[in-house]
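Working notes, beginning with the structure itself.
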Protein chains: 2
Amino acid sequence: MPVNSFEHYPMSWKPDKARLKRPYYQSIAELLEQDIRNGFLAPGTKLPPQRELADFLDLNFTTITRAYKICERRGLIYATTGSGTFVAANAARSITISAENTNNTLELGFVASFEQTNDIVADVLQQAVNKRYVSQLLNYNDPTGIPHQKTAGLNWMKSIGVHADQEHMAIVSGAQNALAITLKALFEPGQRIATDVYTYSNFIELAKLLHIQLVPIAGDACGMLAEELEKHCAQTKIHGIFLMPSCSNPTTMMMSDRRKSELAEVMRQYQLILIEDDIHAFFTAGMTDDYKQPMFNLLPEQAVYICSTAKTICSGLRVAYMVYGEVFHEKMLQSIFTTNVKTSSLDAEVITELILTGEAYRIVNKKRQLAKMANAIYANYFPEKKAGEHPLSFYRWLPIQTHLTGAQLEADLKSYGIRVFHSDRFLSGLTTIDQHLRIALSSTNSLDELQVGLKILKQYLSGVSKGGFFL
Amino acid sequence: MPVNSFEHYPMSWKPDKARLKRPYYQSIAELLEQDIRNGFLAPGTKLPPQRELADFLDLNFTTITRAYKICERRGLIYATTGSGTFVAANAARSITISAENTNNTLELGFVASFEQTNDIVADVLQQAVNKRYVSQLLNYNDPTGIPHQKTAGLNWMKSIGVHADQEHMAIVSGAQNALAITLKALFEPGQRIATDVYTYSNFIELAKLLHIQLVPIAGDACGMLAEELEKHCAQTKIHGIFLMPSCSNPTTMMMSDRRKSELAEVMRQYQLILIEDDIHAFFTAGMTDDYKQPMFNLLPEQAVYICSTAKTICSGLRVAYMVYGEVFHEKMLQSIFTTNVKTSSLDAEVITELILTGEAYRIVNKKRQLAKMANAIYANYFPEKKAGEHPLSFYRWLPIQTHLTGAQLEADLKSYGIRVFHSDRFLSGLTTIDQHLRIALSSTNSLDELQVGLKILKQYLSGVSKGGFFL
DNA sequence: ATATTTGTCACTGTACATTTC
DNA sequence: AGAAATGTACAGTGACAAATA
């Protein structure tokens, strides 16, 4: 019997030798990509080991390494030393999340921000642009924000415990924009950023686009585990870490202050750049006794703090404040210029006016009320609670058990008239067995609509849930 | 005499062997970077050939290749087969161009857009936000623009000869933002984009940030040479091409329609993605008999057309229209979501209102008048004209001859109270002997100030110019 | 507990194209 | 016109490290 009897232990993937062209590594990568995109290789499938495939194709195994690497960079597969190479969970589809024109669909997917408060904004907007100095907002000056706008932002952040000065903050076009600017400024293709196992899917996509690798780190009810982070840092060079300590998206976990210190210690030791997205700060500060301050304060010199006003004040006004350490100053400016040239002063001016008039605080309170009510409604349908979850989150993380794939579930629910997102979209790397749905509470036109949506959801889930699982 | 007698033909760069650590290629790259940034290796210096340095360090020459490649990706050096490897013109400094708060300086550097017309915009702005539907502008909907805004944009572009539909256009936050979105969407690190020898410096910086290589292609009075492009395409894989045919920045060259067709032919043959920045369209269409249409029309399926309103209407309202082929549709959307989530509807709404009320056309005419006057003033001081130059450009490209470096010249002129940019900033790769200054005509507070600035400039230049050079 | 499986990384070897002289 | 100089692209070798059985 020949040593390489592929007949007996068939490989999960056998590229057609005849279609191989030189350069081999590219050709192999192309064939693999096609087979994944066409669905011949399902997510989670184990690919043949490099040496085995090399044997089969009569090539050196590092040529296969190269081919696999190309696909890994494209997010199609992921590899673990010792275990093998697998087709990624979100290989064949884009997981980018965006608003849709949903005429016949109840929106429980995309997280908006209780747009019911926008009338207040509209009023202030009209006041703001009736000032005498409007035409000063219309030129190229002050690309990181006009001084008085920055001052207002600094005051706004003071109330959530972040202190900075004009030189180390910038106004940009929303949190996503801030993330794009930060990644471009401070990271290079091929570098690694640690994240929670589940993380914000647009961050995953952004990292993919910029060819930055995400390293998922396990966590518990208090947030990411410091030992796990330490372990990975010791293993491979990790350059940064992305966290949403005030309310993780999508899991709604709030990180304990103790955990913040532990993680900060590791970050300091390994010189990780912390990217903190504190989108929910205003709904967290003052909510729990444990909450003291953002992580930024623990390592202000090696961190970038991002505070968007989209969730707290108004989603359509594209404004986020960024605060960063002195060492990042120059690189950040450059990245801001090359992505935006400047942020619209108009949006920033309206937000500034909202803060100065105090209306912003009124809006926050109103949204807090709405969040309370929406969460109460949710609890009627899905009462289970887990430790560490944020009580006022704009979305909930619902554990489910089905035999369906994420894509199927989403499609099914859409046909019933509701849009939700499956946990697969939020996977930063490997596949998991757990399934969840992220349910947005802040995106329907009214709380009544939310109620309708949740009812449909509950009904659907009791139909597809397997075993003795109860909802 | 020994073969490797380094004593006799000293190498331009000898890294300290003792400081070499493993991995060698990284160590070498670091040492090289330090020596360049510290100024030990001046721009233009020829580095030792790969084989020679390898010999000296007792390594295989491909290890040097790798070290050089790292530095090349960082924009520190550039290499040409057959000729050697050289320190890049802008190795040690950032060439990002942005507005500055110039209290005591006359701005002839950054190109603004005759901000004198902003009063018209301010009026329309106030009308626009007094409409009933403002609060609809304040949510997450329509991330690529609200339909009526897109319609206005499409009409606007119709007048410069671009035809598209809602599905294949998007509204984003200005031309630079559009470029960032496009490069992230359609290119990967390591890929190559052809450009003019001199090109827009923020595009150079953006490409650097995204690790996309620029390939400078020679041109003549009619624009980039098709034969040259063809030659480079045949040599190495080039993935795209960036052009500003209506008025190249910084050279003010207008591409002839004949040249457009020739270049389009090459692009079609080699499947290049065309990125066309048509910032000056409104000042070009109708200006010359030769001008027919943007290049986009010649290859609509493999091109991205960018039309910013910053120069034509108002610089502070961050709005640019993008038009692209069907094949790019999905990737573009994803890139828009991951860089911006959405563009501010507010800015777009004001621009829309300006277009619908016809005020936008009034502003264009006014700016055209201002451009005419400013160029006339410039001609008083610097009368020389070159074929192919745009008569109404917002900036001019002034040939100079000095012994000073670009950085010195800029610093000198700043001390005399004017800010200008030296041609080195716009070099996409190699160094050249020619020196130019880019003189912005549209950025001073008034034409009187422009006059003062040009006077100072002329005086200064007659002092430093060498030989029989006249101004 | 240790051998095996499996992926990663740095460096080497070879063929080749273009530029220069 | 042809040889030498020079950079590029791809494939291969071997040491190593993590995960698994």
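In this structure, CG on B:Leu59 lies 11.0 Å from OG1 on B:Thr65, to the nearest 0.5 angstrom.
Heavy atoms of A:Arg51 sit under 4.0 angstrom from at least one base atom. Using a 4.0 Å heavy-atom cutoff across all strands shown, B:Tyr68 reaches no nucleic acid atom at all.
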Go through the steps to decide whether B:Arg259 and B:Asp220 satisfy the test salt bridge (Lys or Arg N to Asp or Glu O under 4.0 Å), and finish with yes or no.
-> CA-CA 10 Å; B:Arg259 184 59 54 83; B:Asp220 63 10; 2.9 Å; yes
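Contact check, A:Ser83 against D:dA19: no side-chain N or O comes under 4.0 Å of OP1 or OP2. Taking side-chain N and O atoms only, B:Asn60 has no distance below 4.0 Å to OP1 or OP2 of C:dC11. Contact annotation: A:Tyr25 side-chain N/O to D:dC10 OP1/OP2 distance is under 4.0 Å. Phosphate proximity of C:dT6 to A:Thr85: absent, as no side-chain N or O sits under 4.0 Å from OP1 or OP2. Between B:Gln50 and D:dA5, a side-chain N or O to OP1/OP2 separation shorter than 4.0 Å is absent. OP1 and OP2 of D:dT8 both lie 4.0 Å or more from every side-chain N or O belonging to B:Thr81. Considering only side-chain N and O atoms, B:Lys46 lies under 4.0 angstrom from the phosphate OP1 or OP2 of D:dT6.
Other residues, nucleotides and ligands contribute over 12 non-hydrogen atoms within 6.0 Å of the NZ atom of A:Lys46.
Distance from the side chain of A:Ala79 is smallest to C:dT8 among C:dC11, C:dT8, D:dA11.
Both A:Lys231 and A:Arg22 lie close to DNA chain D; mapped to their nearest nucleotides by heavy-atom distance, the more 5′-ward contact belongs to A:Arg22. Map A:Gln26 and A:Thr62 each onto its nearest nucleotide of DNA chain D; the residue landing nearer the 5' end is A:Gln26.
Scanning atom types as modelled, no donor and acceptor separated by under 3.5 angstrom connect the side chain of B:Thr80 and the base of D:dG7.
Using a 30° and 60° split on the angle between ring planes, A:His436 and A:Tyr198 fall in the perpendicular class, above 60°.
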